[in-house]
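For reference, the structure discussed in these notes is given below.
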Amino acid sequence: GAVVSQHPSWVICKSGTSVKIECRSLDFQATTMFWYRQFPKQSLMLMATSNEGSKATYEQGVEKDKFLINHASLTLSTLTVTSAHPEDSSFYICSARRYGAGSYEQYFGPGTRLTVT
Amino acid sequence: AQSVSQHNHHVILSEAASLELGCNYSYGGTVNLFWYVQYPGQHLQLLLKYFSGDPLVKGIKGFEAEFIKSKFSFNLRKPSVQWSDTAEYFCAVISTDSWGKLQFGAGTQVVVTP
């Protein structure tokens, strides 16, 4: 149990276009989902925290108008990279915290590789 | 500043050697501690976690970690590594001071040679 999926697994887009990445908890309900960014050979950096039915909370330095997050249901959160630029190329990973769980454990998706040309 | 520090960025060792990866954190309050592994081309997987109780926790694939509160440490160990343990290992901490957010260390790349 506790499987998180992401779609797409990789995407190539042209500079100036927008890309949407989906994160789904497949077999549990998630009160909270998180979006991370991972550069090559580096650790995961938290971009934002997303709670179902409310606005996402962004980390310092993350542009909320550029990285739009929607958490429409207890099993789905989306990240839209708007007006993408080559510097947005990265590995985007989501995680989900199980609804009703007493712990803070997060379950991670497989990640989405975004390349902006 | 609050942080999670992993002492080694890159470790190379032979099969059957013992592995120990250091992790220290600087958060106050109650902490939950995790070790994650990322195999080449795969997503993060939980190796083990500590929430409370016995400070020596055992995880999957023969890994264990010891929480030493006085040293703010949570070191990962495996007595005898295999080639398949080649991966990136991340220590992560959630504390009441970090508003429930998972903070990752920089990661340690472990390469096990046959």
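Below, chains carry the letters A, B, ... as their sequence lines are ordered, and counting in each starts from 1.
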Same cluster for [X] and [Y] if Ile/Leu/Val/Met/Phe/Trp/Tyr side chains link at under 4.5 Å?
| X | Y | value |
| --- | --- | --- |
| Ile60(B) | Trp35(B) | yes |
| Tyr58(A) | Tyr92(A) | yes |
| Val110(B) | Val4(B) | yes |
| Leu21(B) | Leu47(B) | yes |

For Lys55(A), does the NZ atom have more than 12 heavy-atom neighbours from other residues, nucleotides or ligands under 6.0 Å away?
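Count not over threshold, so no.
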Please say whether more than 12 non-hydrogen atoms of neighbouring residues, nucleotides or ligands are located less than 6.0 Å from NE2 in His85(A).
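Yes.
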Take Leu46(B) and Gln106(A), measure what side-chain contact (heavy atoms from CB on, under 4.5 Å) needs, and give me the verdict at the end.
CA-CA 9 Å; Leu46(B) 181 66; Gln106(A) 295 178 25; over 6 Å; no
Compare all side-chain heavy atoms of Leu44(B) with those of Leu44(A) and state whether any distance is below 4.5 angstrom.
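Counting from C-beta outward, Leu44(B) and Leu44(A) do come under 4.5 Å.
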Where on Glu59(A) is there a heavy atom nearer than 4.5 Å to chain B: the side chain, the backbone, both, or neither?
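The answer is the side chain of Glu59(A).
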Answer yes or no: is there a donor N or O on one side and an acceptor on the other, between the side chain of Ser43(A) and the main chain of Gly105(B), under 3.5 Å?
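Side chain of Ser43(A) to backbone of Gly105(B), a donor-acceptor pair under 3.5 Å: yes, one is there.
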Side chain / backbone / both / neither for Phe104(B) at chain A, heavy atoms under 4.5 Å:
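Backbone plus side chain of Phe104(B), per the 4.5 Å heavy-atom cut-off to chain A.
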Hey, which of Gln6(B), Gln38(B), His9(B), Gln45(B) has the most heavy atom pairs under 4.5 Å with chain A?
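Option with the greatest count: Gln38(B).
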His43(B) side, atom NE2; Phe91(A) side, atom CZ - distance, nearest 0.5 Å:
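Rounded to the nearest 0.5 Å, the NE2-CZ separation comes to 10.0 Å.
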